[in-house]
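Reading through the structure tokens given below for one structure.
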2 protein chains.
Amino acid sequence: MVRERIRLSSLHDRVMSAEQAAALIQDGMTVGMSGFTRAGDAKAVPLALINRGRTDPLHINLLTGASLGNDLDGMLADAGMLKRRLPFQADARLRAAINRGEVMFIDQHLSEMVEQLRSGALGHLDCAIIEATAITETGAIVPTTSVGNSASFAILADKVIVEINLAQPADLEGLHDIYIPKRRPAREPIGLTRASDRVGTPAILVDPAKIAAIVVTNQPDSATTLQPADADTAAISRHLITFLEQEVLAGRLPRHLPPLQAGIGAIANAVLAGLKDSPFTDLELYSEVLQDSAFDLFDAGKLAFASASSIVLTAPVMARVMPNIASYRDRIVLRPQEVSNHPEVVRRLGLIAINTAIECDIYGNVNSTHVNGTHMMNGIGGSGDFARNAQLSVFVTKSLAKDGRISSIVPMVTHVDHTEHDVDVIVTERGLADLRGLAPRERARVIMENCLHPSYCGQMADYVRRAVARGGQTPHVLEEAFSWHIRARETGSMLAETAPEALSA
Amino acid sequence: MVRERIRLSSLHDRVMSAEQAAALIQDGMTVGMSGFTRAGDAKAVPLALINRGRTDPLHINLLTGASLGNDLDGMLADAGMLKRRLPFQADARLRAAINRGEVMFIDQHLSEMVEQLRSGALGHLDCAIIEATAITETGAIVPTTSVGNSASFAILADKVIVEINLAQPADLEGLHDIYIPKRRPAREPIGLTRASDRVGTPAILVDPAKIAAIVVTNQPDSATTLQPADADTAAISRHLITFLEQEVLAGRLPRHLPPLQAGIGAIANAVLAGLKDSPFTDLELYSEVLQDSAFDLFDAGKLAFASASSIVLTAPVMARVMPNIASYRDRIVLRPQEVSNHPEVVRRLGLIAINTAIECDIYGNVNSTHVNGTHMMNGIGGSGDFARNAQLSVFVTKSLAKDGRISSIVPMVTHVDHTEHDVDVIVTERGLADLRGLAPRERARVIMENCLHPSYCGQMADYVRRAVARGGQTPHVLEEAFSWHIRARETGSMLAETAPEALSA
């Protein structure tokens, strides 16, 4: 079985233990690892590295596709081994270390980090650790459930460690399309004009001499968990689908919709899942991650094609899909995240981008990353890649958090990831605000009317009235712009103790 | 002479007075006008419209390329004729009306508005008013000193009014390259791989039957004025050029640099002009506007090619350049702003983008538009189009404004147009902060050390110290984040009365 997975026989003598392979990585090195939202991460070598780091001094700069699975980010953080982490993470313990200032976290657009790496602005890449389904007869590396930045890491690194994971279905081969833009000034247009186009090679082309070690593993991806859909996420989905139906009726969107992108997480998954019960058919995804909902839509006959950079599933859906991945092979393509999220392609295809906000303000600015403007959640991920260039940029959030003590609609967001220039539509369970073509004062009205929870209407109306009295394109009472957040820190709730109406009564 | 300029003779009977042409525009219409940063604006029909609006009820939604010249935006605002204005303006009286909430101003990325217009999200375009050098034998419209959104306006509007301006040199013909992306899903890659590539037609192709009126004018563009270079702008230019030289030495930039983009205004103009005395040669611009500096660089033998959407000059340079525009014709191309600013092309060419900030914060967020977070200056213009996708995104500003009472480097910007994810380098006259690959806490240090004016160092260090004590990826003292702005409003200065060192001494 291993020989079928390592088909270039001259590489067989590079097979070694994870510990031996990990010994190639020295203190201070910059390492690029496969892995994108838990999918396709290297599993054994990072663990061996962590074990070594518990006794030896070992600090690395870690670059990945996105977040890692198998608790790797958490263990690396606990071991104090991360000097620098890019471009995304989603682990509670790593997040805590980042917020304590112990790990330097550079939160970047997922399509963009590799450009900075390629230009030399992020220094030199010493080693790449890439999980693979197989190595071909010519030594090309076939990724597993994600492509992420694996191809560019393998191309740019001095040495490549490959983990051949026997637990990943051999049928993943053929799913990938590896296209890497040429170095400027020879760079050409990306010739992708439909979500289903293939423009690259089925595996990562790299000089086999660079493959310094091969480690054989046998461990599935760690499954994800998703909050189940609830009345609120169902309402968000319904509002958005109704809006899309109206846009089609008005002739502003095509009957089968443009390709859809949806961010990771429960709300975006629920929104997509809601399309099962919509009138839409022959849908396409051009997204960064395929979650459970993508396969639900496939199996419901609603989805014609899905392009992404990774597949991350809950345990039951993984058990259903992975053994039968061959049956989806002509309907799925996995690409480097540079291509799945590329501004050029996003703009050309005219995507509908659906991403999740931590908080939105009444003028249409969105915070996707920082709680209270200071503490990192996960990172911007691909939301900026998509929101800026999508035909329709949608942000979804429940109007309330923490049992109503936090409003997700605030006077001013405490951190801006998506500016008013990039946000077309905001949806909460209360309704949908279409911001296109509206000035800030008009946006405030439609967001308050459609998205804000009624328990915050009084205090928001009071804020806006006093802000507008001061004038400006984007009226604010600057000394109170964050008063809701400060109140929540002091009292546990953004709710004013006495509603302003009561005060003036 | 008029017959040479209107070469399709079947159109000769459409020639009429500006008042007759203006009569085609009715109250409530949406009108698209040529004009981009004063260049190539329609001159007679808007004036006739304003005169009519002084007596008749006449309110329009006005879309342009960017700002208009000839005081048109100011007069339209004074006449109370603007319901809605997109996507940019730079007039003091219009700005005041916007900030009073009288004109709904939608501040948009310059490359993006036409996408929303095309998709129907901005409603129906009733009429286009386009200044032209000539109408060709086939009825195609040759623009003048700007292309802006003129081509799409002419294509999308029900009726087109053309102003043939005899004061614009006939030699402008041949300067333009009109490429309009196809409607999706037929949209193709923009085949532009070098700044000098031509991918379109030399004139705007439109059904001559849509040309409802032709008005002959004879009035030059209004010249711009530029603050002269001073010691601070010279220092900014010097810091940036030194940095670019180091990047070339380090092998991170090519010897002749990637194509440059520079925003409009005195600082960006001075930075470009500084390249005259640099070692760089064979430079290229891929920008939205060519200012005086572009022609200074041409005439100094430094500039090989310049691509833009408009040419806006001071009076002396206009007098020097315009009579000889033919001699530049093989070194300049003017494109639709959708192409000059297109994310696809900006990313492919790997531009160095140089834009001006109103204020920057210590974490690398930039405010380009709103004074005190509320009052509109001009608009984001093309800065977002370029900063997001440039290879190197540079923001320049003097460290102080208002005789030192305002610091351009603040704890938190009051409005975010460019997020920390999109800002690579900040330059003031004090020095240059290279933010690439740095986490927010590290960025704060390099911005404070290199860009902040010393008179604000004490109070900033105090803020950061107390913010870091609270923790977080991006430390802030939320209740004091805008305290400098609030102090400036109350006392006229951001300077703390007593420096914190003195307090703790």
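Just so we're clear, the structure is a prediction, and the values are computed from it rather than from any experiment. Throughout, a chain's letter reflects where its sequence line sits, starting with A, and its residues are numbered from 1.
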Interchain contact, A:Leu117 with chain B, by part (heavy-atom threshold 4.5 Å): neither

Pair B:His370, A:Thr474: side-chain N/O donor-acceptor within cut-off below 3.5 Å: yes

B:Glu479 side, atom CD; A:Ile486 side, atom CD1 - distance, nearest 0.5 Å: 5.0 Å

Any donor-acceptor N/O pair, A:Arg388 side chain to B:Arg388 backbone, under 3.5 Å: no

Heavy-atom proximity to chain B below 4.5 Å, by part of A:Arg441: side chain

Donor-acceptor side-chain pairing of A:His342 and B:Glu344 below 3.5 angstrom: no

Closest non-hydrogen atom pair, B:Gly373 against A:His476: O-CD2, 4.1 Å

Closest approach of B:Val416 to A:Thr419 (non-hydrogen atoms, all atoms of both residues): O-CG2, 3.3 Å

Heavy-atom proximity to chain A below 4.5 Å, by part of B:Leu192: neither

Heavy-atom closest pair, residues A:Gly471 and B:Thr374: O-CB, 4.2 Å

Closest-packed option against chain B by number of heavy-atom pairs under 4.5 Å, given A:Arg85, A:Glu247, A:Gln391, A:Met113: A:Gln391

Between A:Asn61, A:Leu253, A:Leu122, A:Ile98, the one whose heavy-atom pairs under 4.5 Å with chain B are most numerous: A:Ile98

Engaged part of A:Asp417 at the chain B interface, taking heavy atoms whose separation is under 4.5 Å: both

Heavy-atom contact with chain B under 4.5 Å, split by part of A:Leu86: neither

Donor-acceptor contact present, side-chain B:Arg184 to main-chain A:Leu351, <3.5 Å: no

Interchain contact, B:Asn389 with chain A, by part (heavy-atom threshold 4.5 Å): side chain

Minimum heavy-atom distance B:Phe105-A:Pro440, with the two atoms named: O-CD, 3.8 Å

Beyond-backbone contact of A:His375 with B:Arg470, side-chain heavy atoms, under 4.5 angstrom: no

Closest non-hydrogen atom pair between A:Ala439 and B:Ile106, with its separation: N-CG1, 3.7 Å

Under 4.5 Å from any heavy atom of chain B - which part of A:Ala467: neither

Distance-only polar pair, side chains of A:Arg347 and B:Ser111, donor-acceptor under 3.5 Å: yes

Most contacts with chain B, counted as non-hydrogen pairs under 4.5 angstrom, among A:Arg489, A:Arg118, A:Arg100: A:Arg489

Heavy-atom pair count under 4.5 Å with chain B, highest-scoring of A:Asp422, A:Asn365, A:Val103: A:Asp422

Ring geometry between B:His109 and A:His421 (parallel below 30°, tilted from 30 to 60°, perpendicular above 60°): tilted

Chain B interface, residue from A:Arg443, A:Glu442, A:Lys182 that has the most non-hydrogen pairs under 4.5 Å: A:Glu442

4.5 Å side-chain heavy-atom contact, A:Pro189 and B:Thr193: yes

Spacing of CZ belonging to A:Arg95 relative to CD belonging to B:Gln473, to within rounding of 0.5 Å: 12.0 Å

Max heavy-atom pair count under 4.5 Å with chain A, selected residue of B:Gln108, B:Glu112, B:His485: B:Glu112

Best-contacting candidate, B:Asn99, B:Ile190, B:Leu349, B:Val346, against chain A by heavy atom pairs under 4.5 angstrom: B:Asn99

Under 4.5 Å from any heavy atom of chain B - which part of A:Met412: side chain

Side-chain H-bond candidate by donor/acceptor type, B:Asp424 with A:Gln116, under 3.5 Å: yes

Option that, when pairs with chain B are counted at under 4.5 Å, heavy atom only, ranks first among A:Arg187, A:Glu188, A:Glu480, A:His418: A:Arg187

Proximal component of B:Ala481, with respect to chain A [non-hydrogen, under 4.5 Å]: side chain

Least distance between heavy atoms, B:Leu438 atom then A:Arg84 atom: CA-NH1, 4.0 Å

Minimum side-chain heavy-atom gap A:Glu420-B:His415 below 4.5 Å: yes

